[in-house]
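The structure appears right after this line, and notes come after that.
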Amino acid sequence: MKQMNSIFVSIYWLATLALLAIGVVMVFAYTPTEVTMGPVQKIFYLHLPIAICTFFSCLTVFVASVGYLWQRKAMWDHLAHAAAQVAVIYAAIVLLTGMIWGRAAWGAWWQWTPRLTFSLVLWLLYVVYLVIRPSIESSQRRAMICAVYGVVAFLDVPLVYLSVRLMPDIHPSSIELEPAMKSTLIFWFIPVIMVTVGLIAASFKLAKRQAACNITRELPLPKSKTARPLRPTITSGNRGVV
Amino acid sequence: MMLLLRQIIMLTGKDLRIEARSRQTLGLVIVLGILIIVVLGLGLGPEQLTNGASATATLWVAYLFAGVLVFEKTMSVERHDGALASLLLAPIDRSVIYVAKLISNLILMLILALVITPVAVVLFGFDLSAAPGQFTMIMAMSILGFAAVGTLFAAVVSSTRLQGGLLAIVVLPLALPLVIASTQMMIQLFRDGKPIGGTGLTVLLAADVLYLVTSWLVFELILEP
Amino acid sequence: MTATDLITADKQSPQADALDWVIRARGLSLHIDDRAILHDLTFDINPGSYVALLGANGAGKSTLLHMLATLTVPTAGELRLFGKRVGRGNPAIRANIGMIGHQPMLYRDLTALENLVFFGKLYNVKNPTDRAEELLDQVALSHRADDPACTFSRGMVQRLAIARALMHNPKLLLADEPFSGLDMASGRMLENLLAQLHAQGMTIVLVNHDIEQSLALAQRAIALRQGRIVVDAQTCELDLETVIQEIGIS
Amino acid sequence: MNSLNYAIGAYVVGLGLIIGYAAWLWLASIAVTRRENRQNGQERR
């Protein structure tokens, strides 16, 4: 069974890589350059699917956190941790590509526009999730705190989205997509979703195996009948104190 | 219902009596608030300060960090001698403990606000005269949401021996929507002079309701001696 | 130590006498992070008995005591206290349980009297102040009633903790390592206090790492090893050697 | 033309982060396998 599994995994990743490569070729060779924005618009085909999948991984963190709060099984915590890692990586991509787009289109790396601020705050929210994990020793306590944080952070996302829209939006840009562009965009969703699911699954499996290794399994205690335990020295002070 | 109210009043009374008796939290927190305002005020420089928006930002920073200290202190009182275990053993509802602790935190934050806001206004000439009523309303709603999340996570985090900056790191990002919404509304209010729009208020209201409800539900699950 | 009656006799509600057990555990087990802390514990504790939970560190005795105090929910098995099944949120059952531990479990900034009155009100005890005064008198702390608990010595705080545990006349007293940190005199005094309570019909479950002291005090001993019951017998039939060997103190 | 470089740069950054994370996961799984073998080896001996 193990053998079958690893074959499937390698096929899965090869297919994803192939699709990604095709996607890149399509973006730079097949799709026409957008007239008003110029070639920088090509970032859109990566930016949008990754943004959607960021939301998907945040949702997974939320579901896994609720799962842990409800069942208290370590498995949920591993899933939340895995999904949070992917969420942070993806939020970083959305943030960076957004900044690059802003730099190319309006000349500044950073502007307090609603979209950019939203991805920054989203990234911050889930980076904090990862940052607080190592500073809590007991695994049960860590799972508990992260579960509560995972729930509240996800519920925070719509609030951030709403409050960010209060900010003045200097460059409202909604561009019209030609059919060729649309097909590339839709095509790009396939590899990105495959990568997301693959990364979350791989990270989840890894977290589970790491936790299994961490459980301190001492060698079983010698059966009391056979091996004589060390006789505790019973002095007057500590009467047989263990 | 009356019993719940009586229990809440009892617990809040206990918190405030302990605070009055030990006087550790309030003095510390007020001085920290003033320190933050002075540092930020000096940093921003006089010309920046006249408009209300930077006043809100400065006050927000003071409230956030002083507030985190309040939440940490009021919860450590419970943990100190294992008193929380006897509270949990008592035949009272766990949400009563949450509401009582929230109210105590709010009272302490109110006292904190009543002290450091005038200090900020006097020291740096914030002219809140344009819309003092709306200013207080916005700040009150934001502090309520902030305290709701702060109290929940103070209980969650306090159970680990390691407190330190953990509570601040956890609570501050969660309070960001409140900060963004209230500062944007202040900008509209003071700099542009426009009355505050509906979305701003809905955000604050939604945040308050959301934080209160989630904390209420989750508190039951996470409170352990 | 005045031997007045710490718990007034009439408070014993008839319903408790009808049952022949106070605690009935069936197959209690607890798993944390897929590690079994307690394995399928089954035992009955009948009213008025003095039971000692023994075991090496980490054998799960404190966890079991917290479970009996309904503070921890078992992952499997059923626990019945005073005839009622323990589920989520059970104020009625908790009203009959008193607990003392190595921590005093009260507010160090409040005075002794304020602490007792506060907890009394929580258990809606009628006229809590009189009850508090009476208990402070019995634990010989009435001269310190208005001093904050932080000014008390370790022994005095422990006596105050007992008074707090008895404020609402519990039928079951759980003690989690109450002797730790006590000097000889306060330890002796605490032993007498517990013996007196037992004489007046209180059911006591004591967790203690000092095995000889527990064997001397308690009627019955339940020893745990790695979350399993290895010994459950009357203390008179047990001797220190076998218990130490059974517990497998390496 | 430099906005094309920005577009290429964005893809390099985006895919680079994904591949970097995947590589990190792969390395970590090798480390875990080594720990598992050692632990299993220990018990069998």
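Hydrogens, waters and symmetry mates play no part in the numbers below; they use all other heavy atoms, side chains included. We name chains A, B, ... by the order of the sequence lines, and we start the count at 1 in each one. The structure displayed is predicted, hence computed values, not measured ones.
A 6.0 Å sphere centred on CZ of A:Phe56 holds no more than 12 heavy atoms belonging to other residues, nucleotides or ligands. Within a 6.0 Å sphere centred on CZ of D:Arg34, other residues, nucleotides and ligands contribute 12 heavy atoms or fewer. Heavy atoms of other residues, nucleotides or ligands lying less than 6.0 angstrom from CH2 of A:Trp110 number more than 12.
For A:Ile50, the part lying under 4.5 angstrom from a heavy atom of chain D is the side chain only. Interface residue A:Ile43: backbone and side-chain heavy atoms are both found under 4.5 Å from chain D. When heavy atoms are compared at a cutoff of 4.5 Å, D:Val32 approaches chain A by way of both its backbone and its side chain.
Taking OH of D:Tyr21 as the start and CD1 of A:Ile89 as the end, the distance is 6.5 Å to the nearest 0.5 Å.
Scored by the side-chain contact (heavy atoms from CB on, under 4.5 Å) test, A:Phe28 finds A:Val24, A:Lys42, D:Leu4, D:Ala7, D:Ile8, D:Tyr11 as partners (sequence neighbours excluded). Scanning for side-chain contact (heavy atoms from CB on, under 4.5 Å) contacts around A:Arg133 gives A:Asp77, A:His81, A:Tyr129, A:Arg142, A:Cys146, with sequence neighbours left out. Partners of A:Val9 according to the side-chain contact (heavy atoms from CB on, under 4.5 Å) rule, which considers only residues two or more places apart in sequence or in another chain, are A:Asn5, A:Trp13.
Each of A:Leu17, A:Val94, A:Val27, A:Leu20 has some count of heavy-atom pairs under 4.5 Å with chain D, and the biggest count is that of A:Val27.
Residues of residues 197-210 of chain A lying under 4.5 angstrom from chain D, judged on non-hydrogen atoms, are A:Leu199, A:Ala202, A:Ser203, A:Leu206, A:Arg209, A:Gln210 in numerical order.
Counting only heavy atoms from C-beta outward, the side chains of A:Tyr90 and D:Leu17 never approach each other to under 4.5 Å. Counting heavy atoms from C-beta outward, D:Ile18 and A:Ile93 have side chains that approach closer than 4.5 Å.
Between A:Cys213 and D:Glu36 the shortest heavy-atom distance is SG-CG, 3.6 Å.
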